[in-house]
2 protein chains.
Amino acid sequence: MKLIPTQIKTKKHFDTFLVSKGFKKTRQRDIIAEIFFNGPHHHYRIEEILEHARKLDASISYATVYRTMMMFVEIGFAQQRQFGKGQSLFEVQGRHHHDHLICTQCKKIIEFENETIEKLQAQVAKRHGFKMTHHKMELYGTCVSCQK
Amino acid sequence: MKLIPTQIKTKKHFDTFLVSKGFKKTRQRDIIAEIFFNGPHHHYRIEEILEHARKLDASISYATVYRTMMMFVEIGFAQQRQFGKGQSLFEVQGRHHHDHLICTQCKKIIEFENETIEKLQAQVAKRHGFKMTHHKMELYGTCVSCQK
DNA sequence: TTGTACATGCATATTATTTTCAAATAAAAT
DNA sequence: ATTTTATTTGAAAATAATATGCATGTACAA
């Protein structure tokens, strides 16, 4: 019994969202969305988005990137995560559900999914009378290359 | 094949540690350790330890509690955790291994353990060539009382 | 006792996040 | 095209949590 997969959020969805809700399409939002939704990877810090954005428009500010990322989170277009200390990471909402393997040396992040674990987690929550909304599972260690 | 359980850390162990390493036994450390190791629950914020400590000695500073908690973490007597945002929580090291169920409404924390999940996590890490050092698993939702 | 290295308290520095506000600008109304 | 308006932006400052520098205080060994 598979759930219907949530549609992956794209830049096009975001553009539509802006128009439909009466928000404005700005140069800054366009650049930030392009990087976030179509960029080379899946886990962006605000600082990193800012760096990339400034190559396209040197005047973009941290505050604007910050507010845009928060907007993504609020409207359900992004998930905000905290791995250990340091800054939040943002990833596009609606991709396959997954958890994370994190190398504490080189900070590399590998995504994985394990349906058996998911089921067991649901069981645990149920057994304690919890109505589970979400979970967090992160495995930390050293990756193959960092073990050498 | 059960692993040998790590000895639970106590205030007495801490006292011994201080002496053996040439650190000083101070009134402040004694108060803080008493609260942390023998207090009423298992998940302390620095602020909370400070409040309790000040009932016993009004002059104790945040910095001292902070540094003492950091010492507990460094010497392996405490684990530092971040549930969502907000301040870190500290818990005594060496109790049974466990993960957490967290009520997002009332912030209640329930500890649980599930050996099957643990094994599956180890498998996942191994499959990706990781040498796993630790993991984090938190299930968020609403507890029985908050569902009413 | 007294000396000394470690510990403490206060103040301040850092780091990450969040907000304020005047000026800029997108989009609607003329 | 120009004006109007409400939203958005950038710069700076506020907040929150964590971390540190330093003068003073204190545990403990000599």
Side-chain angles (χ1 to χ4, degrees), chain A residues 14-36 43-75 78-90 107, chain B residues 14-36 43-51 53-75 77-90 107:
Chain A
F14 181 59
D15 290 346
T16 307
F17 167 86
L18 287 180
V19 173
S20 75
K21 298 287 180 180
F23 292 113
K24 291 175 182 171
K25 292 174 74 170
T26 65
R27 186 172 29 83
Q28 291 89 334
R29 284 178 175 161
D30 197 68
I31 289 173
I32 293 164
E34 175 62 30
I35 294 165
F36 181 60
H43 301 90
Y44 290 98
R45 284 171 302 114
I46 288 176
E47 294 281 1
E48 188 182 352
I49 301 255
L50 181 63
E51 278 169 37
H52 290 222
R54 282 193 164 152
K55 288 175 195 158
L56 301 172
D57 177 345
S59 77
I60 287 183
S61 72
Y62 181 94
T64 298
V65 176
Y66 170 79
R67 283 185 287 229
T68 305
M69 300 311 291
M70 287 303 139
M71 179 184 236
F72 289 160
V73 172
E74 266 176 34
I75 68 180
Q79 270 191 274
Q80 182 173 6
R81 296 184 183 277
Q82 301 261 156
F83 296 140
K85 314 243 167 176
Q87 297 121 309
S88 292
L89 294 181
F90 297 82
K107 311 293 176 196
Chain B
F14 181 60
D15 290 346
T16 308
F17 166 86
L18 287 178
V19 173
S20 74
K21 298 288 179 179
F23 293 113
K24 290 173 182 170
K25 293 174 75 170
T26 65
R27 186 172 29 82
Q28 291 89 335
R29 283 178 176 160
D30 197 67
I31 290 173
I32 294 164
E34 177 62 30
I35 295 165
F36 181 59
H43 301 91
Y44 291 98
R45 285 170 303 113
I46 288 177
E47 294 281 1
E48 188 182 352
I49 301 256
L50 181 63
E51 278 169 37
R54 282 194 164 151
K55 287 175 196 157
L56 302 172
D57 176 345
S59 77
I60 287 184
S61 72
Y62 181 94
T64 297
V65 177
Y66 171 79
R67 283 185 284 230
T68 306
M69 299 312 290
M70 288 302 139
M71 178 185 238
F72 289 160
V73 172
E74 266 176 35
I75 68 180
F77 278 50
Q79 269 191 274
Q80 183 174 4
R81 297 185 182 276
Q82 299 263 157
F83 296 139
K85 312 244 167 178
Q87 297 121 306
S88 292
L89 294 181
F90 296 82
K107 312 293 175 194

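Source: prediction; values computed, not measured.
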Does A:Q80 reach a base, just sugar-phosphate, or nothing at all? Heavy atoms under 4.0 Å. nothing

Please list residues of residues 64-72 of chain B whose heavy atoms come under 4.0 Å from any atom in DNA chain D, ordered by number; otherwise none. B:Y66, B:R67, B:M70

Hey, does A:Q87 have a side-chain heavy atom less than 4.5 Å from the side chain of A:I46? no

Within the 4.0 Å heavy-atom criterion, would you say A:I60 contacts the bases, only the backbone, or no part of the nucleic acid? sugar-phosphate

Segment of DNA chain D, first to last nucleotide, that comes within the 4.0 Å heavy-atom reach of chain A: D:dA6 to D:dA19

Contacts of type ring-ring contact (aromatic ring centres under 6.0 Å, His included), residue B:F14, not counting sequence neighbours: B:F72

What residues form a salt bridge (charged side-chain N to carboxylate O under 4.0 Å, His left out) with B:R81, not counting sequence neighbours? B:E91

ring-ring contact (aromatic ring centres under 6.0 Å, His included) involving A:F23 - partner list, sequence neighbours excluded: A:F17

side-chain hydrogen bond (donor to acceptor under 3.5 Å, both in side chains) filter on A:E51, not counting sequence neighbours, yields none

Mark yes or no for whether B:T64, through its side chain, and B:I60, through its backbone, hold a donor-acceptor pair below 3.5 Å. no

Quick one: CZ on B:R54 to OG on B:S61, what's the gap to the nearest 0.5 Å? 7.0 Å

5'-most contact on DNA chain D (nearest-nucleotide basis), B:Q28 vs A:T26, goes to A:T26

ring-ring contact (aromatic ring centres under 6.0 Å, His included) filter on B:Y44, not counting sequence neighbours, yields B:H41

Please list, by residue number, the residues of residues 17-25 of chain B whose heavy atoms come closer than 4.0 Å to an atom of DNA chain C; answer none if no residue qualifies. B:F23, B:K24

Using side-chain heavy atoms (C-beta onward) and a distance below 4.5 Å, is B:V73 in contact with B:M69? no

Which two nucleotides bound the region of DNA chain C that has atoms under 4.0 Å from heavy atoms of chain A, read 5' to 3'? C:dA16 to C:dA27

How would you list, by chain and number, every residue that makes a side-chain hydrogen bond (donor to acceptor under 3.5 Å, both in side chains) with A:E34, sequence neighbours excluded? A:N38

Determine yes or no for a side-chain-to-main-chain donor-acceptor pair under 3.5 angstrom, with A:R29 supplying the side chain and A:K24 the backbone. yes

Sequence-distant partners of A:D30, side-chain hydrogen bond (donor to acceptor under 3.5 Å, both in side chains), two or more places apart: A:K11

Please enumerate all residues that pass side-chain hydrogen bond (donor to acceptor under 3.5 Å, both in side chains) together with A:T26, with sequence neighbours excluded. none

